Amino acid sequence: MKMSETKPQEYWRWPEYRHTVPGKDWHNAKIITAGVDVGSVGSKAVVALDGELYSYSVMRTGGVSEATAVKVMNWALEETGLKLDNLQYVVGTGYGRVNVPFAKRTITEIACHARGAHYIYGPTVRTVLDIGGQDCKAIRCDEKGKVLSFLMNDKCAAGTGRGLEVFADLIGVPIQDLGKVSLSVQEEPPPVSNTCVIFAKAESLALLRQGWPKEKVAAAYHAAMADRIVDLLTRVGVEKDLVTTGGVAKNAGIIERVERLLGIKPLKPNIDPILAGALGAALFAKALYEKEVGLR
Amino acid sequence: MITAGIDVGAKFVKVVILKDGKVLERAKALVGFDVLKSASDLFESTIKKTGLSRNDIKRIAATGMGRETVHGKPPVNAEEVISEVMADAKGAFHLIPNVKTVIDVGAEEGRGIKVGPNGTVRDFVINERCAAGAGTFVEAMARALEIKVEDMGSLALKSTQIIPMNAQCCVFAESEVVTLIHSKVSKEDISRAIHDAIASRIGSMVLRVGVEKDVVLIGGVALNPGFLPPLKRELNSDIIVPEYPEYVSALGAAVIASEHKE
Amino acid sequence: MSEEIFDRFREWIDSRHDYAKAWKERTGNKVVGYFCTYVPEEVLYAADVLPVRILGSHEPPTVTEPYIFAMFCHLCRDCLAQGLKGKFDYLDGIVEGQSCLHLRQAFNAWRLHIPIDYTHWIHVPHGIQTPHATPFLTQELAKFKKSLEKWTGKKIANKDLDIGIKVLNRNRELMRKVYEYRKSDNPKITGLEVMEMVLSSQMTDKEEHSKLLEQLLRELPNRRLDRSPGTRLMIIGSEDDDRVFMKNVEDLGATFVIDEHCTGSRYFWNDVAPNEDRLLAIATRYVERVPCPSKDWPEFTRIQHAVNLAKQFRAQGALVIQNKFCDPHGIEIPPLREALKEVEVPTYPLEFDVTVPWGQFRTRVEAFLETLTGLEELF
Amino acid sequence: MTQNKEYPTELLKCWNEAKNLRKSYYEDYLRAHEKGGVRWAGGAWAFSSIPAGLGEDVYCVTGEPYGATIAFFKDFAARCHDAVEAAGFPRTLCAYMRNYWGSLLLDKFVLSDGTVVEGAPIPDFIWQDHICCSHGKWYQVVKWLEKKKGKEVPMYCVDVSVGYPGPNEKVEDYKVNYIIQQLNDGIDWLEKVTGREYDDKLLCEAVWNEMKATSVWAEICSLNKAVPTPLDEKTMYSLYVMGTLMKHRPECVAFYETLRDEVKDRVKRGIAATPYEKFRVITDTQPPWGFLKIFREMEKYGVVSLGSLYTFGLIGMWEFKTDGTWVPKTLPKKKPQTREEALRAIVEWTLHKPEWAHFYKPELKTQMIKNIVDQWKVDAVLLHYNRGCEGLSVHIAENRLGLLEAGVPVFPFEGNMGDEREFDFAGTMARLTAFFESMGLKKITE
């Protein structure tokens, strides 16, 4: 179709990155495991030493998820001197979990996010909100990080990574700045339609045409997304502590509004929450490895 | 007599200058955040090309979702506004006098029109809210597939297998597409599934008004080669795509302006 | 070999139209299509008419847009689509027994837009919990019988009705016997196989189907499936003939050991009890059968039945399928899930549309299974 | 624009009376117990004249009008939907039903003026009938919800899904009897659950009132044949509602008789509902209650909606004359004197309810709409494909086809009577405008 012939800048394209936790040496580790989370929009890989985060990488999921899985894993290993065969057990998770060729088994992102959240935020976590590329998950878990119940909402991309990408393009603001921008309004405008990303986009466009400033439109959009997310949370039932994972967890515009609506302050992460799924997978990998070799 | 039609759409603004039934000039531009400015700029650059001035143009009719923004506002100063449906029918009739059914598929909206004598509207259907956003859908999918939107159509033509997909809601279809990606279905087949899905959605909508030959497909999507074959299948009918299909609304507006009686 | 028997069931479903056409050829009798299981097939068998259930194809029903507003369930639109595409062109008639608002639109659109020799609507009462429903339905059946006689030219005597009753009861009894084999720790049949058994019985001559069932019942005792049963699941829904979904779920390390929907146990769970007044006997069966929620008020008797099944077949969890837009079933989801929770059967709801997006559902089902299998006891 | 005939308009004199009737209706229900009275809940189609036999102090709230009242107050409606979805119900269910359940789940009660009262009143019993998929289920869930709050509410539901006779045919006896038997049992049941003695005289009164009220309403609708129409549909919504709330009450009959006389007088004096009447339309099914401004928008094009099969036939009772014309149903010779007479009379009367025909035969509904188009001089039909109501939207696509075949211009639009998330005002107006243009209309006023 003709409609994208002129795209000056790809506002939706978020930066890819990798990192190795300094001051750690994998040679001293007893068990080296990895988790690969091939999501619908982003893919993440985590290497854990004896169940502690060691290195990780985050990149876009490409058109071929198997290739992406290999790429993201290798990138996480880069600079560490680790090789794929040094990994004693790998677990795949996320939408593309079945396409992680070097994974011993797969576990759903539901269990992995709860597990990862438990590691990132500690045993007080009872409700995990994961806002992923194209679905939202509300997960209830116990002090051990075990999933008690969950709800997913993926029939509509509104309030998800993909929805935000579409919106970033629409108003011409880089996706990682969207949240900040949306919070820069004096007073909160009424939210746009929260039922569907298409309606939301159409309404946002109409508002821009009416001469609303970008900030205000962004606020209306984020407010609607927060509404949706809160609907999902109330359906599963929110219990403290509430935490958020997934890429969108970094969007303050959504998180702060969710907080306002619920009157509950989500815990602040000390580790990049986008890693929760892959991290959880790496932790499952360790447990499964120990089981395999009879350590438990 | 010289008239003009201006189509202020969701994504593009288009201008057609008409002299005694012949197109003098046509041009389009992306709509910026300031619709009036985008429309005005395009209009002025276009008449400049023809060497005419606003006063040489007897009458201007505006159509498209933003038509009111140029209604009576200089420099365009459109004398009248008309709905897309009327403009589509008249424009298609001007190009293909035997037209009975017009299908217009744009970025956000799809229309089916039953055309009466002299390009009048007998009945029409416009997609309801839940079937909106064909354009948005394809863009997002192209991104997920990591291919250019404009390559999708030709890719679809290379497909070897059919995958039924429910696209009443295109967002719903989107998550089906992501699933296909992860289950290693080829990009060709996915592209086809996407086009089939949109075609079946548009097709089922058009069936409401009934399909009578000649069937004419206009609007931006008409330029997409991957969309035509499945739509023909859905309607099981030949479909004519005129030259410059995306300008037909603007053309229709210009024609209606020229038919105006004092 | 039971494998061959199950293959036959599958063939019958996949070539349902060829089967019916061949049957017509062979017998020279009429074939009638029905939409809802409230149509008393006994009376049709008594008239030497073959009833076949009209079901969909799980392809987006494009052609129905002019006839049925898209807020109605995909089943009724998909059924009508089959008719409009001429897939059922061999039908001599269509009959519907009143149930939901959705299916009746497929029936009426068919009546109005698709050439068909015979149509009949039975006012199956909704007030099945009142004592007056049975006598009322008996009257309706008498009308149905008369109109069939007029159409086929065959006088339907008591002995004919007895045959109809016998044929239906036998088929029901045999299928219930097969269901017994789902109770064992390692069920001798999968949910997919069972679904294909029941579906095929809705599309074939029941006597032929019963013969095959008897053969199957001889084979089953010595059958061992070389697959680990995994989690014992129940599936609950309205109409549910999505075989791909069944297979995919069972491939994730689970076995469906029982179901509650009208292309499963709800179709055949109850027999006709003999009575001097044959039509009264049949009417009683359809009033007292496991009900469709559209008729199940003020008490939730179907939910109680589902709970009993879950206990008898020792389901560890249940998938609750909602055909999008099906109000009668949708309304019952919270009470149903609560009732199952009380007997410690966890549930997970899934909304079905014309195509089932397996990718989305796989994650949900797998995660639901993970919560049942104790994977997380590792921590 | 020039030469647009402008008709004289006037406010209805009985407008405030209507308002007060509605106001007190909800308040009476709320305070029923303070006066030692009985209150019941059920649908607008329930045989409301039957519980009337329990005494003069029996009050009810019917579910559909209450659901519509909630829909009118969008913010409260939105909270109701959230509560119902949070409870795990699908969002595709009947919108009135979800509004009603929502108000129970929030434990709040809305009065006709939008005042929200804490604590949803619990009915002494539920009295309902069932023809659409949701009727019986609706109150079955109400019963279930109350039970979770520890309140046992007895429920009785009458099955009326016995089909619809042709325009002039009478219903077969076994069908009428099936319903009479249920009502007879129902009366015994009412005595049991209320401990009150049943008064057949009151029953006969109520039945007679209901027959009069529903026939007089049809008379009122007939007056809209006049050009210009004395009433427009938007106004009628506030008037027909009385019949959905209390069709069996004397106040309702009295009000409709006053209204009829006033409307007659309007016709005599040529008083119009709207100043410009260039184009006469009817709609069908419930409107999107939160967006009645759509009618104001239509007036700008000189378009007036003079009603619908819905406003005419939801409570209005009609019959076909032998010449095929559609006229108010004539009352039986004499008022029923005994329980048997009363029950038979009301059952035979009710089974001809125009809004029940399409449940079985779309052709009958198309025929009735066609009759309105011809006799009321209607130019086009706007069909609301109503996602909020399966019952009235069932077969609606067939009605569109039938009307087009009969040469009637039809404009279908999707929406939802009770859930604003499913109505797109801007989009619908854009399409409607295009339709008016294609009918050769232009905007008259801003």
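For the numbers below, each heavy atom of this structure counts, side chains included, while hydrogens, waters and symmetry mates do not. Fair warning: this is a prediction, and the values are worked out from it, not measured in the lab. Letters go in sequence order (proteins before strands), and every chain restarts at 1.
Side-chain atoms of Gln98(C) come within 3.5 Å of backbone N or O of Ser161(D) as a donor-acceptor pair.
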Apply ring-ring contact (aromatic ring centres under 6.0 Å, His included) to the pair Tyr360(D) and His123(C), showing each step before the final yes or no. CA-CA 10 Å; Tyr360(D) 305 96; His123(C) 290 288; 5.2 Å; yes

Between Gln139(C) and Lys175(D), does the side chain to side chain contact (heavy atoms under 4.5 Å, CB included) criterion hold? Intermediate values first, please. CA-CA 9 Å; Gln139(C) 297 268 3; Lys175(D) 293 184 172 177; over 6 Å; no

Evaluate side chain to side chain contact (heavy atoms under 4.5 Å, CB included) for His130(D) paired with Lys295(C), printing each intermediate quantity in order. CA-CA 9 Å; His130(D) 184 95; Lys295(C) 298 179 184 296; over 6 Å; no

Given Glu422(D) and Met71(C), is the side chain to side chain contact (heavy atoms under 4.5 Å, CB included) satisfied, shown in steps? CA-CA 11 Å; Glu422(D) 289 194 307; Met71(C) 74 172 273; over 6 Å; no

Could you go through Leu137(C) and Tyr178(D), starting from their C-alpha distance and side-chain angles, then the distance that decides it, and tell me whether this counts as side chain to side chain contact (heavy atoms under 4.5 Å, CB included)? CA-CA 10 Å; Leu137(C) 181 55; Tyr178(D) 170 56; over 6 Å; no

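For Leu112(C), the part sitting under 4.5 Å from any heavy atom of chain D is the side chain, from C-beta outward, and nothing else. Looking at Lys137(D), the atoms closer than 4.5 Å to chain C (heavy atoms on both sides) sit in the backbone and in the side chain alike. Proximity to chain D (any heavy atom under 4.5 Å) is restricted, for Phe72(C), to the side chain, taken from C-beta onward. Neither the backbone nor the side chain of Pro135(C) comes within contact range of chain D; no heavy atom of the residue lies under 4.5 Å from a heavy atom of that chain. Contacts of Phe300(C) with chain D are made by both backbone and side-chain atoms, with heavy-atom separations under 4.5 Å. For a residue to count as touching a neighbouring chain, one of its non-hydrogen atoms must lie under 4.5 Å from one of that chain's; by this rule Leu401(D) touches chain C with the side chain only. Proximity to chain D is limited to the side chain of Ile333(C), based on heavy atoms less than 4.5 angstrom apart.
Scanning for side-chain contact (heavy atoms from CB on, under 4.5 Å) contacts around Asp124(D) gives His33(D), Val38(D), Arg39(D), with sequence neighbours left out. Residues forming a salt bridge (Lys or Arg N to Asp or Glu O under 4.0 Å) with Lys361(D) (at least two apart in sequence, or on another chain): none. Applying the salt bridge (Lys or Arg N to Asp or Glu O under 4.0 Å) rule to Arg400(D) yields the partners Asp123(B); only residues at least two apart in sequence or on another chain are considered.
Using a 4.5 Å cut-off on side-chain heavy atoms (C-beta onward), Trp144(D) and Pro334(C) make contact. Annotation: side chain of Glu390(D) is in contact with side chain of His102(C) (closest heavy-atom distance under 4.5 Å). With contacts defined as side-chain heavy-atom distances shorter than 4.5 Å, the pair Trp101(D)/Ile331(C) qualifies. Between Gln128(D) and Trp297(C) there is no side-chain heavy-atom pair separated by less than 4.5 Å. Side chains of Pro298(C) and Cys157(D) form no contact here, defined as non-hydrogen atoms less than 4.5 Å apart. For the pair Val162(D) and Phe136(C), the minimum side-chain heavy-atom distance is below 4.5 Å.
Salt-bridge check for Glu363(D) with Arg111(C): passed, with a basic side-chain N closer than 4.0 Å to an acidic carboxylate O.
Of all heavy-atom pairs spanning Ala397(D) and Pro66(C), the tightest one is CB-O, 3.4 Å. Nearest approach of Gln105(C) to Ser393(D), heavy atoms of both residues: OE1-O, 4.3 Å. When all heavy atoms are compared, the tightest approach of Pro90(D) to Gly330(C) is CD-O, 3.4 Å.
For a heavy-atom cut-off of 4.5 Å, chain C lies close to Gln181(D), Gln182(D), Asp185(D) in residues 181-193 of chain D.
The choice from Asn108(C), Thr130(C), Ile68(C) that makes the most heavy-atom pairs within less than 4.5 Å of chain D is Asn108(C).
Between the side chains of Tyr174(D) and Glu140(C), a donor-acceptor pair is found at a separation under 3.5 Å.
Annotation: cation-pi pair Arg104(C)/Phe359(D) absent, no NZ/CZ under 6.0 Å from the ring centroid and within 45° of its normal.
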